[in-house]
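Have a look at the structure below before the remarks.
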Amino acid sequence: MERTELEKIRLEKIERMRAEGIDPYPTTAHPTHRAMEAIHLFEEMEKTGDPEEKIEVTLAGRIRANRPMGKIVFIHIEDSTGRIQLFFRVNNIGQDGLKRIKEDFDLGDFIEATGTLFRTKTGEISVLVDSFRMLAKAVTPLPAAKDEVVDGQVIRHAGLTDSETRYRQRYADLAVNPDVRKIFQVRAGTVRALREYLDNLDFLEVETPILQPIYGGAAARPFVTQHNQLKQELYLRISFELYLKRLIVGGIDRVYEIGRDFRNEGVSYKHNPEFTQLELYMAYADYHQIMELTENMLAYVCDNVLGTRTIQFRGNTINLSPPWKRLELRQGLIETTGIDINQHPTADSLEAAMKAKNYPFKPGSARGKLIDALIGDYLEPTLLEPTFLYDYPRDISPLAKSKPGDPTTVERFEGFVAGMELCNAFTELNDPLDQEQRFIEMGRDYESEDEERHPMDEDYLRAMSYGMPPTGGFGMGVDRLVMLLTNQQTIREVLLFPHLRKVEE
RNA sequence: GGGCGCGUAGCUCAAUGGUAGAGCAGUGGCCUUUUAAGCCAUUGGUUCAGGGUUCGAGCCCCUGCGCGCUCACCA
């Protein structure tokens, strides 16, 4: 491994320490408190305790700031709870200790220090250190970053900002950019809140196959892999849908899964090849009830994770309190495009109408695809406030139940926030004969687009044949929800290790 | 996959086609309550890679690699 000058200097320090009998990588640490615990402990003592009481603590953390001043040294250490200052004074640690702290320790090293809590002249709660030792020496220096605290706000000067380095070396990014850690705390809290909400409604969380012999439940190209011994082709799942509805048939009448989906498609600010999805299915519910569940669930997440239902996203202030706006798809398109899709029951007719208005489209597309293009180009960007867009064309919704009395439309909705699609839900198609017909239609209408076609799933049809109760289903991109909650403009910022091209080292 | 932009010290950034610099980090020194500590001195470069034009290339041209934005794709 090639080493930089800075690294060579630190490697020499390691050698020197070893020669002096100091282990730069001891096996254990014995902290008595975390950084914030120690600070709170001291504050508590100041309020109610005896001010003469000495509170002894042993803390462990990473050195993030180092200010030697002659015969004293100030060092800030950090753990995941926050930062605390260590104060080293020759009077307490002796000449040898002073030499140690100044010569052996660098920014980025892990240190354990024991001493008593006190306030410095400037009022910062600190540890007056009596003894300390190396916990782990860092060879590679962390990207330089200095933090200035102004009115409680941490201003970082010249930190690590290059996005490629940040994603490829997420460990360095996390180590120096506390805001990044915060995003993943919100992410964890979001998933936890979703689980809590559904568990409280008596949903059962399950795990279904990721490696599937037949993929389905969405129109996407799958990743293909191979089972060596079985000599069988397998697909990484593109959705959970078909398995979860089998469970509804089996009597698990409230069921959900949170997990990874894989789609072999383009990467963009809102697409990653693998992403986290929440899907839920609720028997005896229809899509209206799922709308209510959705808005209540997201309000619950906001309350528990952010403590507010008002979020900032791309300069918009958005309130996620129920009820969300309900907008019929047909009406929304009339308002934004001037086209009434009900007057164009065929693809040819709709294409002509779009052509007349100079709207872009892919010639020869199915009617549903044309409608989808209109939504994406003209309607979706206008849906800033939380909105359920409902009643979708049948031919782009092969797993959704038809609307009574309207054979071209299904009971489906998508939820939009800040102009971004967040979730997709419908009254599930539970008529096995209709479902078979849909698979056949898909095969015919999308014949040319082989890779997007729904493969016929005979076993799924058999499950339907056993009888599935009326059911509402719902799917949501968890990454996109986290983007909204953390005001991040790209999915990569809410993934710890986003997909990047391989690079030759 | 197409278009546009970017790639310089560990980090953040400069540099009309003419000796590659700064701040921070590092190293040496001073400094017993600092907090972007301060002061003095100082080290550090395959300018993403390869080719070309030129007396001379970080800069201009070509190819490749990577990243970003965008379009396409993505029920």
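Order of the sequence lines sets the chain letters (A, B, ...), proteins ahead of strands, with each chain counted from 1.
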For A/R326, what residues pass the salt bridge (charged side-chain N to carboxylate O under 4.0 Å, His left out) criterion, not counting sequence neighbours? A/E295

Could you encode protein contacts along nucleotides 3-9 of chain B as a string, one character per nucleotide from 5' to 3', using B for base contact, S for sugar-phosphate-only contact and - for no contact, with a heavy-atom cut-off of under 4.0 Å? -------

Partners of A/S397 by side-chain hydrogen bond (donor to acceptor under 3.5 Å, both in side chains), sequence neighbours excluded? A/R412

Residues in ring pair (Phe, Tyr, Trp, His ring centres under 6.0 Å) with A/Y235, at least two apart? A/Y215

Using atom P in both nucleotides, what's the gap between B/G44 and B/U34 to the nearest angstrom? 35 Å

Contacts of type side chain to side chain contact (heavy atoms under 4.5 Å, CB included), residue A/T165, not counting sequence neighbours: A/L160, A/D162, A/Q169

Would you classify A/L500 as touching base, sugar-phosphate or nothing, given that sugar-phosphate means primed atoms plus P, OP1 and OP2, and contacts are heavy atoms under 4.0 Å? sugar-phosphate

Same-atom distance (C1') from B/C59 to B/C6, integer angstrom: 14 Å

Contacts of A/R367 that satisfy salt bridge (charged side-chain N to carboxylate O under 4.0 Å, His left out) - sequence neighbours left out: none

NA contact type, A/R119, heavy-atom cut-off 4.0 Å: base, sugar-phosphate, or nothing? nothing

Watson-Crick/G-U partner (both atom distances under 3.5 Å) of B/U32: none

Of all the nucleotides listed (B/U34, B/U12, B/C67), which has the minimum atom distance to the side chain of A/T161? B/U12

Base, sugar-phosphate, or nothing for A/R367, non-hydrogen atoms under 4.0 angstrom? nothing

Selected nucleotide, minimal atom distance to A/R67 side chain, candidates B/U34, B/U33, B/G10: B/U34

For A/R18, the salt bridge (charged side-chain N to carboxylate O under 4.0 Å, His left out) test, sequence neighbours excluded, returns none

Paired to B/U46 by Watson-Crick or G-U wobble criteria (both distances under 3.5 Å) is none

In this structure, how many angstroms lie between the C1' atom of B/A72 and the NE2 atom of A/H271, rounded? 12 Å

Tell me, which of residues 371-380 of chain A have any heavy atom that sits under 4.0 Å from an atom in RNA chain B? A/D372

In chain order, what residues pass the side-chain hydrogen bond (donor to acceptor under 3.5 Å, both in side chains) check against A/K245, with sequence neighbours excluded? A/E241, A/E428, A/Y460

Would you say the rings of A/F413 and A/F388 are close, in the sense that their centroids are separated by under 6.0 Å? yes

Between B/C13 and B/G29, how many Å separate the two P atoms, rounded to a whole number? 33 Å

Sorted by chain and residue number, the ring pair (Phe, Tyr, Trp, His ring centres under 6.0 Å) partners of A/F88 (sequence neighbours excluded) come out as A/F132

Between the protein and nucleotides 26-32 of chain B, are there any N/O to N/O pairs under 3.5 Å, and if so, what are the atom names and distances?
| residue | atom | partner | partner atom | Å |
| --- | --- | --- | --- | --- |
| B/U27 | OP1 | A/K13 | NZ | 2.9 |
| B/C31 | N3 | A/G70 | N | 3.0 |
| B/C31 | N4 | A/G70 | N | 3.4 |
| B/U32 | OP2 | A/K71 | N | 3.3 |
| B/U32 | N3 | A/N91 | OD1 | 2.9 |
| B/U32 | O4 | A/N91 | OD1 | 3.4 |

Separation of A/E421 atom CD from B/A75 atom C1', in whole Å? 9 Å

By salt bridge (charged side-chain N to carboxylate O under 4.0 Å, His left out), A/E421 pairs with (sequence neighbours left out) none

Assess whether one donor atom and one acceptor atom, taken from the side chain of A/T120 and the base of B/U34, lie less than 3.5 Å apart. yes

Output field: ring centroids A/F118/A/F42 closer than 6.0 Å: no

Using the P atom as the reference point in each nucleotide, state the distance between B/C48 and B/G10 in Å, no decimals. 12 Å

